[in-house]
*Asks:* 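Have a look at this one before I ask anything.
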Amino acid sequence: MASEQDRPGADVLVREGVDPFALVGGGALFDVLPVPAFAADPGGVVLGCNRVFGEVFGSPTELGAILGGTGAVREGRLTRRDGIARDVQVQISPFGDAGAVIGVVTDVTERRQAERATEDARYGLEVATLQLEEAYRTAKLGYWEYGIHSGKLALNAEAYGVFGRSPERFEPTFDNLLDILHPDDRQTFGNMLEGVIGNPKRVYFDYRVRDEGGKVRYVSSSCAPRFDREGRLSHVFGVMLDVTDRAEAASQLEAAKQRLEEAYRTGHLGYWEYGIHTGELLWNREAFEVYGQDPRSFEPTFDNLLGILHPDDRLRFGNMLESVIGNSKRVYVEYRVIDRVGDVRYVSSSCAPRFDMEGRLSHVFGVMLDTTERAQAAAALRAAKERVEAAYAELQDAQDSLVQTEKMASLGQLVAGVAHEVNGPVGVALTTASHLMGRTDDVKRQFAAGTLTKTALSGYLDVAQEAGHLLVSNTERIAALVQMFKQVSADQTGDERRIFYLREYIEDVLLSLHTQIGASGHRVKLTCPEAMQLESFPGAFARVVTHLVRNALTHAFRPEQNGVITLTVEPLGDEWIEVRHSDDGQGILETDLPKIFDPFFTTARHEGCVGLGLHIAYNLVTQTLGGQLVVDSRAGEGTTFVLRLPRIAPQTAA
């Protein structure tokens with residue numbers, strides 16, 4: 001048996017000379033109990049605690065208040081070693097003939113907190129229920145609850161008020177509720193219930209009912225599912241409010257608002273409104289000015305309006321009205337009128353239907369603008385169009401010539417780039433070959449003189465081996481550059497259709513631009529799947545990539561900026577790919593974006609830019625490659641060109 005000094009709880013014994021473990025028997029077994037326990041004499045004096053009690057609570061001095069109670073189960077509070085007070089329950093059991101007892105301590109803090117929380121929640125629920133009922137009465141909110149399995153419908157007193165029904169004469173059943181619903185809203189109500197039951201979630205919707213006097217009432221409702229203790233959907237609960245006054249006022253306000261918005265949307269516009277059932281025609285003052293009539297002598301009636309219409313346009317005006325009335329949709333029409341001095345005026349009009357509270361077509365509303373000057377200018381524009389088309393044809397010829405010049409310039413840039421790249425490995429190969437020849441001559445002389453040592457020969461062989469590696473690697477590099485040049489140059493001077501690997505081809509194009517990229521101080525990053533292929537026109541594709549990269553190098557970055565151009569290629573399904581060309585430069589002004597693909601548009605003409613690069617790229621993408629090219633940019637946030645291409649290009653290049 002462990003000594004008092006070795007036992008964790010030994011320091012809490014309160015009576016010297018007494019072995020509580022011997023007192024209760026089986027001392028070692030008591031000491032290793034997995035729960036806090038203690039022993040006490042018949043007078044309630046704690047004799048000692050087991051190891052776990054000492055580890056958890058330390059001193060047993062607080063046990064006195066608990067032992068002073070009665071019963072086999074007693075409750076109190078004990079402070080743990082970490083200073084936190086805990087609610088505990090102590091099971092007292094007598095042991096032996098000496099009247100001693102053993103107490104087992106159970107921490108019930110979480111259970112008591114849960115019980116108190118449950119009690120607080122129950123009280124809060126009762127208070128909230130009373131408050132909610134008072135809120136329903138104060139706000140005149142009605143609610144109903146429908147039992148899915150029982151079929152019972154429950155209404156509160158306010159719900160009868162919302163429906164305009166008396167509790168004495170209206171039995172709350174689902175069939176009776178459907179009966180008072182407006183016929184046009186019964187389907188909506190049924191769909192709402194099916195939606196809540198089929199996909200349990202809250203739903204908001206409006207519907208109409210007829211009260212006892214037959215008047216239509218508008219109801220705004222929120223419905224939610226209710227679940228039983230097993231989590232099964234059992235009820236549908238709805239809260240509703242009578243919004244009849246608001247709906248009627250909103251309808252009138254919306255009608256007035258629409259008239260004002262239509263009349264003044266583009267400036268000093270005229271409008272007229274024709275009552276289908278009343279035959280009344282209403283004009284504003286601007287309508288008299290549009291029609292060239294004097295409000296003091298001209299009465300705005302439908303017959304008088306027909307009287308001032310140009311004879312050839314009366315049928316068109318009648319068809320417009322029939323279309324609005326028959327199809328209940330907006331119609332745009334142009335017609336002519338004869339003003340009070342006999343001159344012809346051109347009128348452009350937009351006509352729309354208007355509906356009453358029952359949803360029936362009641363009026364035709366028209367907004368009109370005097371377009372006489374525009375009509376007179378149309379003839380002059382048509383004449384000018386022919387001159388513009390002729391000039392455009394000449395411009396197109398000039399553009400084609402410039403495009404051809406640009407293609408040759410692009411090939412020249414490619415030649416210069418490849419030449420620059422070839423210079424490096426050629427120089428290394430030449431230097432290596434010269435060095436190897438020099439060492440060979442040395443070895444040859446030593447061999448002839450008989451002074452060639454094993455060490456000298458070994459050194460020469462190492463040099464020869466290293467020189468061979470350098471010569472092979474640089475020669476292979478030169479061969480790859482020449483092959484790339486042959487392929488890309490052939491593609492850029494002719495549009496042969498073939499299958500090519502996209503990543504490898506883009507790398508070759510970027511290599512041809514290496515000199516320009518390196519001189520600019522900017523970087524180009526490429527992300528593209530290795531095995532992605534296109535059956536297309538590689539020459540046209542190369543020119544598109546070249547134009548986009550050159551455009552970014554020239555225009556995208558501020559002089560002091562070291563920018564990054566990112567090319568990202570991703571598949572779009574099985575038939576398309578997307579190439580995103582992005583830069584982190586200064587972006588494009590919003591006013592310049594609509595003109596970015598126009599021929600001869602440039603913001604750097606003072607630097608010798610012609611303004612054809614992006615225009616050529618756009619035409620190549622949309623015509624030759626059969627794809628799409630769009631741009632997204634904001635000033636100060638960089639620019640992104642999005643190129644979408646079919647994996648198999650159209651059969652005939654434009």
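This chain uses plain numbering: 1 for the first residue, then up along the sequence.
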*Asks:* Of Leu620, Ile616, Leu548, which meets side-chain contact (heavy atoms from CB on, under 4.5 Å) against Arg543?
*Replies:*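 Testing Arg543 for a side-chain contact (heavy atoms from CB on, under 4.5 Å) against Leu620, Ile616, Leu548 leaves exactly one candidate, Leu620.
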*Asks:* Do Leu309 and Arg316 have side chains that get closer than 4.5 Å, going by heavy atoms?
*Replies:*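 A side-chain contact is absent here, since even the closest heavy-atom pair is not under 4.5 Å.
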*Asks:* Quick check: do Tyr204 and Ser220 have side-chain heavy atoms less than 4.5 Å from each other?
*Replies:*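 Answer no - side chains too far apart.
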*Asks:* Identify which one of Val290, Ile308, Asp339, Ile338 satisfies the side-chain contact (heavy atoms from CB on, under 4.5 Å) criterion when paired with Arg345.
*Replies:* Asp339
*Asks:* Walk me through it: do Glu171 and Thr173 pass the test side chain to side chain donor-acceptor pair (under 3.5 Å)?
*Replies:* CA-CA 6 Å; Glu171 181 181 0; Thr173 67; 5.5 Å; no
*Asks:* Is the shortest side-chain heavy-atom distance between Arg217 and Val162 below 4.5 Å?
*Replies:*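 Arg217 vs Val162: side chains apart.
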*Asks:* Applying salt bridge (Lys or Arg N to Asp or Glu O under 4.0 Å), can you list everything that pairs with Asp185, at least two apart in sequence or on another chain?
*Replies:*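 Asp185 satisfies salt bridge (Lys or Arg N to Asp or Glu O under 4.0 Å) with Arg208 only.
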*Asks:* Quick one: salt bridge (Lys or Arg N to Asp or Glu O under 4.0 Å) partners of Asp294, sequence neighbours excluded?
*Replies:* Arg296
*Asks:* Is Pro172 close to Trp144 at the side-chain level, that is, under 4.5 Å between some pair of heavy atoms?
*Replies:* no
*Asks:* How about Trp283 and Phe298: are their ring centroids closer than 6.0 Å?
*Replies:*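 Centroid distance Trp283-Phe298: below 6.0 Å, so yes.
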*Asks:* If you define the side chain from C-beta out and look only at heavy atoms, does anything of Tyr335 sit under 4.5 Å from Val333?
*Replies:*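 Yes; the side chains approach each other to less than 4.5 Å.
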*Asks:* Hey, are the side chains of Tyr274 and Pro300 touching, using non-hydrogen atoms and a 4.5 Å cut-off?
*Replies:* no
*Asks:* Pairs under 3.5 angstrom only: tabulate donor-acceptor contacts from the side chains of residues 628-637 to other protein residues two or more places apart or in another chain.
*Replies:*
unit_1, atom_1, unit_2, atom_2, d
Ser633, OG, Ile588, N, 2.8
Ser633, OG, Gly638, O, 3.0
Ser633, OG, Thr639, OG1, 2.9

*Asks:* Do Glu286 and Leu269 touch side chain to side chain, with heavy atoms closer than 4.5 Å?
*Replies:* no
*Asks:* Please work out which of the three classes, parallel, tilted or perpendicular, describes the rings of Phe302 and Phe317, given edges at 30° and 60°.
*Replies:* tilted
*Asks:* Residues two or more places apart in sequence or in another chain: which of them pass salt bridge (Lys or Arg N to Asp or Glu O under 4.0 Å) with Arg374?
*Replies:*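 Arg374 satisfies salt bridge (Lys or Arg N to Asp or Glu O under 4.0 Å) with Glu334 only.
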*Asks:* Would you tabulate the side-chain donor-acceptor contacts of residues 187-200 under 3.5 Å, counting partners in other chains and residues two or more places apart, or write 'none'?
*Replies:*
unit_1, atom_1, unit_2, atom_2, d
Gln187, NE2, Asn191, OD1, 3.0
Asn191, ND2, Gln187, O, 3.2

*Asks:* List in chain and number order the residues that pass side-chain contact (heavy atoms from CB on, under 4.5 Å) with Ile648, two or more places apart in sequence or in another chain; answer none if no residue qualifies.
*Replies:* Arg497, Glu535
*Asks:* Can you check whether Arg580's main-chain N or O pairs, donor with acceptor, with Glu570's side chain at less than 3.5 Å?
*Replies:* no
